[in-house]
Protein chains: 2
Amino acid sequence: MDQVEIFKALSNKSRLQILNWLKEPETNFPDQAVHGYANGVCVGQIQIKAGLTQSTVSEYLSTLQRAGLVKSSRVGQWTYYQRNEEGFALLNQIIQSEI
Amino acid sequence: MDQVEIFKALSNKSRLQILNWLKEPETNFPDQAVHGYANGVCVGQIQIKAGLTQSTVSEYLSTLQRAGLVKSSRVGQWTYYQRNEEGFALLNQIIQSEI
DNA sequence: AAGATATATCGACTTTTTCCGATATGCCAA
DNA sequence: TTGGCATATCGGAAAAAGTCGATATATCTT
């Protein structure tokens, strides 16, 4: 994974918020309870909370996924996103040893 | 310090390289030896190594300084830059607890 | 005081990012 | 199989970042 790509993904207020919200999905996305939290939170919930358009949020989640910071799983018509802690481990490693 | 500003500063290959080079100034900037390494490395040395114009390097160093990742000290006609480890400590903290 | 050197700032142009609305795709239910 | 959701992708306008050459500023030397 490219270091610059990771930092670019983190260079946006809304994307940082999304990552932070996904640390505690139950707290930050109560309406997701209907679907459960096992696979993460669906795009629509994130969109509402972020206050951006659907297309923008979808795009942002793709950006975060390309950077390895979240992972997704499709279940029916929903796509659930959750943090990818491996990506954060890599980020820590980059900061410790490559910067 | 603003989180987004820090990550933007890190979202550039050349700036990442500069930060990395400044981890071992003696190794990466041997010609700096004449001036010593106590206050860091002067802009000209960094410019040569980076292969960018003087104005670009000066701008990049300002960007890194605004983000708190380097600090500078003027000595005569030279400005020396060195890593600001406090900034990196803050970065670690941000990643651990705010993202 | 004048010229040389190091760095910073300015103005301009190009590329990238941000964010949107519109449209396409995939999946479900009747 | 048609209509309705959820999500993804496309195309574009505006803002920001990347990068340069030219110029300004500060300092040193003579």
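Quick note on labels: first sequence line is chain A, next is B, and so on, each numbered from 1.
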Inset, instruction - Have a look at B:S14 and say if it touches a base, only the backbone sugar-phosphate, or nothing, with a 4.0 Å heavy-atom cut-off. - result: nothing
Legend entry - Value in whole Å for how far the C1' atom of C:dT9 lies from CD of B:Q47: 15 Å
Legend entry - Working for side-chain hydrogen bond (donor to acceptor under 3.5 Å, both in side chains), residues B:Q96 and A:N92: CA-CA 9 Å; B:Q96 298 311 320; A:N92 272 308; 2.8 Å; yes
Legend entry - side-chain contact (heavy atoms from CB on, under 4.5 Å) evaluation trace for B:F7 with B:I95: CA-CA 11 Å; B:F7 290 122; B:I95 289 175; 4.2 Å; yes
Legend entry - Pair A:Q65, A:N84: side-chain N/O donor-acceptor within cut-off below 3.5 Å: no
Inset, instruction - Keeping the roles fixed (side chain from A:R83, backbone from A:L22), state whether a donor-acceptor pair exists under 3.5 Å. - result: no
Legend entry - Main-chain N/O of B:Q47 paired with B:Q54 side-chain donor or acceptor, under 3.5 Å: no
Inset, instruction - Starting from P on C:dA6, measure out to CD on B:Q32 and report it in whole angstrom. - result: 12 Å
Inset, instruction - Could you tell me the separation between the CG atom of B:L64 and the P atom of C:dT7, rounded to a whole number of Å? - result: 16 Å
Inset, instruction - Using a 4.0 Å heavy-atom cut-off, write out nucleotides 1-16 of chain D from 5' to 3' as B (base contacted by protein), S (sugar-phosphate only) or - (no contact). - result: ----BSBBB-------
Legend entry - Nearest-nucleotide 5' precedence on DNA chain C, A:S11 against A:V75: A:S11
Inset, instruction - Nearest whole angstrom, please: distance from the P of D:dA17 to the CG of B:L10. - result: 14 Å
Inset, instruction - Classify the angle between the aromatic ring planes of A:W21 and A:F29 as parallel (below 30°), tilted (30 to 60°) or perpendicular (above 60°). - result: perpendicular
Legend entry - Atom-to-atom span, CG of B:N12 to C1' of C:dT17 - whole angstrom: 14 Å
